[in-house]
Structure formats: C-alpha cells, structure tokens
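Some notes on the structure that comes next.
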Protein chains: 2
Amino acid sequence: MENAIRVFSGYLNSRGLKLTRERKAVLQQLFSHQGHLEAEELVHGLRRRKARASRATIYRTLDLLVQSGLVRKVDLGQGHSHYELALDRPHHEHMICLECGRVIEFSDKTIHRSLDELCKRERFKRTSHRFQVFGYCQGCVNRKAAVK
Amino acid sequence: MENAIRVFSGYLNSRGLKLTRERKAVLQQLFSHQGHLEAEELVHGLRRRKARASRATIYRTLDLLVQSGLVRKVDLGQGHSHYELALDRPHHEHMICLECGRVIEFSDKTIHRSLDELCKRERFKRTSHRFQVFGYCQGCVNRKAAVK
DNA sequence: CTTCTTGCAAACCATTTGCATCATT
DNA sequence: AATGATGCAAATGGTTTGCAAGAAG
C-alpha cells in the first residue's frame, strides 16, 4: 500500500502530474476492497469514508492507475469495467458465476503455452489476452439443487 | 441460409412470434457479410439494399437470433457488441488486431481440455467461455517495420 | 380482428469532456 | 504564480423502451 503510493507518485512525477488527495483516496479505496471493484463502488466507498471524489475524477484517476501499471481494467462481461490491483499479482483469468457474480481467479501454464504456440503459428504478436469462463459456482449449484 | 430461415421461423413459431420482412432481412444481411458484424453495419447494410429497418428492430431481432441459437453475440473489446453466425460453426476464440481490427478465429483442443480440468478442480459448472487475444497481426507488424 | 411488430423519440447507463474554479508544486 | 486538478453539468455512444400506428396470422 505504502509501496503502491510511492509507485504511483513516481509515475505522476515522471509526467509532471500531481499526487492529490483525491488520487490518493482512490488508490486507498482500491486497497481496502481487495477484489474486483467497479467505478460505482468506488464512488460509494469514498463517499462513505467522507473522502468523496466526483465520478469524473474517479474515472480519470483509474485511467492513470492503469497507465502506471498499478491497476488492471478487466471486463467481466457485465457491461461496465472492473478494476483490480495489479501490483505483485501475476496476470490471471476469471471464472464468473452468472448467479451470484462471484469471481474465481485462475491461471494455467498449459493454456498460456498453447496460446503462445498459436500466436507463433498465426504470426500474431500478442500484447495481452483475456480469458473468461461463465457458469455457476459450487454454492449456487447446490442452492439451486436444494430449492428443487 | 434457407435452412437458417427455417430454423428461425420454427423458433419464432414455437413462441407465437412472427417472421416479418424485417426479421428476414436482418438474417439475410448476416449471411451476406460472413464475418463479425456490428449492429451499426447492419443498419447501413440494410439501408443500402433498401430493406431498411430501424435500429430498435435490429437490436430486437438480434436478441431473438441469439436466443434461437442461430447467432452468437461476441465482445471483441471495442465497447460494442459484434454478432456472428453460429449455425454449424463450432465455438471458437478470437485474436484481435489492435491496429487494423482484423479478427483471426482459432480454437484449440489443449486449451479446452485444460479448461475443463480447471472447472472440475474449482467445482465450477461452466456454460461458456470467451477467449480473446489482443495484439498485432503480421500485416500490421510488417507495415510498421516498413515505415521506420 | 387480434396480437405481435415497427419506428420514432425519449430514456438509459457507463464513461468522457468542456469549462470555470480550486489546489499543488 | 503557474500549471494541473477538480466538480459540475452537458455530451457521448451503444443499447433499450414506451407508445401510437401498422402488418402478419
């Protein structure tokens, strides 16, 4: 967390930008909520801890955080973006429960290897990838079975 | 194509819906453009062949086509949906060129196998998955090199 | 004729932007 | 003081919806 602020501050400095109260607050809020936050949750979270920041500022800050490499913007297929901390967290994929919204992270060497081979075969220079699996998590499957 | 219209018609009938001129036209347009269409391209395509249909109708029809299983809605990370024919086309993934927008389709048994194992391990009942690779296609890489 | 469809315009929702005001360096 | 940053409200872009008028079964 302290470390993250240092990194962010460094990034901002390197482009002549400023580390404001609002920017710090957004980063802190991301840390308090370890999961996959959406912009709207940040608005409310910040409001709750009286560190309000406008939606505009939040979006602008998220952009900076993504550019700095501290945060990843992820699309969980819900029509709006989610943001997750990237610091010290290797790239991973998401399984998304269509019932409860739970997100299970995973990462698989075999898949990555196959992917790299594929790119070589197709002469495609990949810069990133995104793998999402939609379905139902154990809990929701059980719950449904119980209802029947 | 004829076959697809039959399937669609059957689907509509089964729910007491009607096969209208507009709905037929949308399906035809999807066939004429074999790739990954976006809604806006349908609007213009239909307008060109004087088979105009309003945006509202196009979106409503696409919904029906997706529900009928004839069409897949895909998210290529461009902020709006694309639609591709699903009839007789196995599920596949997409590599998307960030420069020219080209989409390369692929499908890989090893990846699918690893994925199924992962789901079993996580006790996740998957219903679908989506795999996207972003990067640059050969042509764009070459073009860039030439410019330098 | 009844029910479903269409087109239009307005509504929506997430996100972005212009601009006057405010805060950091 | 100078340059950036903020908040607001308006704009955007894709998509959805309410409703009156029109067409398919």
Side-chain angles (χ1 to χ4, degrees), chain A residues 5-6 8-29 36-47 50-68 71-84 101, chain B residues 5-6 8-30 36-47 50-68 71-83 101:
Chain A
I5 294 204
R6 226 170 299 122
F8 193 30
S9 171
Y11 170 80
L12 291 172
N13 267 318
S14 77
R15 353 211 116 195
L17 305 178
K18 296 166 181 172
L19 179 58
T20 63
R21 190 177 345 110
E22 288 83 355
R23 288 181 180 165
K24 221 183 287 182
V26 168
L27 187 47
Q28 282 169 338
Q29 186 64 15
H36 300 85
L37 281 233
E38 32 193 89
E40 207 53 29
E41 294 176 306
L42 281 171
V43 175
H44 294 122
L46 290 175
R47 197 158 291 177
K50 72 181 184 194
R52 12 177 92 243
S54 69
R55 239 167 284 272
T57 297
I58 290 177
Y59 279 109
R60 286 189 275 232
T61 303
L62 285 170
D63 251 16
L64 291 171
L65 286 167
V66 169
Q67 280 159 226
S68 76
V71 165
R72 267 190 292 263
K73 184 175 187 174
V74 303
D75 174 356
L76 300 179
Q78 321 210 146
H80 56 266
S81 298
H82 283 73
Y83 298 85
E84 64 177 21
Chain B
I5 295 205
R6 226 169 300 122
F8 193 30
S9 171
Y11 170 80
L12 292 172
N13 267 318
S14 78
R15 352 211 117 195
L17 305 178
K18 296 166 183 174
L19 178 58
T20 63
R21 189 177 345 108
E22 288 83 355
R23 290 181 180 164
K24 220 183 289 183
V26 168
L27 187 47
Q28 282 170 338
Q29 187 64 15
L30 281 167
H36 300 84
L37 279 234
E38 32 193 271
E40 207 54 28
E41 294 176 307
L42 279 172
V43 174
H44 294 123
L46 289 175
R47 198 157 291 177
K50 71 181 185 194
R52 7 175 97 244
S54 71
R55 239 167 284 269
T57 297
I58 288 176
Y59 278 109
R60 287 189 274 233
T61 303
L62 285 170
D63 251 17
L64 291 171
L65 285 166
V66 169
Q67 281 160 226
S68 76
V71 165
R72 268 189 293 262
K73 185 175 186 171
V74 304
D75 175 356
L76 301 179
Q78 322 211 147
H80 57 266
S81 299
H82 283 73
Y83 298 86

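Protein chains get the first letters and strands the later ones, always in sequence-line order, with residue 1 at the start of each.
Residue B/His82 contributes atom NE2, which lies 9 Å from atom P of D/dT15 at whole-angstrom precision. Atom pair B/Arg21:CZ and D/dG22:C1' shows a separation of 10 Å (rounding to whole Å applied). A straight line from CG of B/Asp63 to C1' of D/dT16 spans 9 Å, rounded to a whole angstrom. We find that CZ of A/Arg55 is positioned 12 Å from P of D/dA9, with the value rounded to whole Å. In this structure, A/Leu62 atom CG and C/dT17 atom P are separated by 15 Å, rounded to whole Å. When the P atom of D/dA5 is taken as reference, atom CG of A/Leu65 falls 13 Å away, rounded to whole Å. The separation between A/Leu64 atom CG and C/dT16 atom C1' is 14 Å, rounded to whole Å. Atoms CD1 (A/Ile58) and P (D/dA5) sit 16 Å apart, rounded to a whole Å.
In this structure, A/Ala53 and B/Ala39 both approach DNA chain D, and ranking their closest nucleotides by distance from the 5' end singles out A/Ala53. Nearer the 5' end of DNA chain C, as judged by each residue's closest nucleotide, is the contact made by B/Thr57, out of A/Tyr83 and B/Thr57.
Of the residues listed (A/Val66, A/Asp63, A/Leu37), the one engaging A/Val71 in a side-chain contact (heavy atoms from CB on, under 4.5 Å) is A/Val66, and it is the only one.
Here OG1 of B/Thr20 is found 8.0 Å from CG of B/Leu12. Values are rounded to the nearest 0.5 Å.
Listed here is the closest heavy atom pair of B/Lys73 and B/Ser81: CE-OG, 3.3 Å. Listed here is the closest heavy atom pair of B/Tyr11 and B/Leu64: CE2-O, 3.9 Å. Nearest heavy-atom pair, B/Ala53 versus B/Leu46, reported as atom, atom and distance to 0.1 Å: CB-CD1, 4.1 Å.
The A/Tyr59 side chain lies nearest to C/dT16 when the options are C/dT16, C/dT6, D/dG7. For A/Lys18, the side-chain atoms get nearest to C/dT25 when compared with the rest of C/dT16, C/dT25, D/dG18. Ranking D/dT15, C/dT15, C/dT5 by closeness to the B/Leu17 side chain, first place goes to C/dT5. Closest approach to the A/His80 side chain among D/dG4, C/dT5, C/dA14 is made by C/dA14 (side chain taken as heavy atoms from C-beta onward). Here the nucleotide nearest the side chain of A/Ala56, chosen from C/dT17, C/dG7, D/dA5, is C/dT17. Candidate nucleotides D/dT16, D/dT17, D/dT6 were compared by shortest atom distance to the side chain of B/Arg60, and D/dT17 ranks first. The side chain of B/Glu22 sits closest to C/dT6 out of C/dC4, C/dT6, D/dT6.
B/Ser81 has a side-chain polar atom (N or O) that falls below the 4.0 Å cut-off from OP1 or OP2 of D/dT15. Side-chain N/O atoms of B/Ser54 include none lying less than 4.0 angstrom from OP1 or OP2 on C/dT6. Between D/dA23 and B/Thr20, no contact under 4.0 Å exists linking OP1 or OP2 to a side-chain N or O. The side chain of A/Arg15 contributes no N or O atom lying less than 4.0 Å from OP1 or OP2 of D/dG4.
Residues A/Glu22 and A/Thr61 form no side-chain contact, since every pair of their non-hydrogen atoms from C-beta on lies 4.5 Å or further apart.
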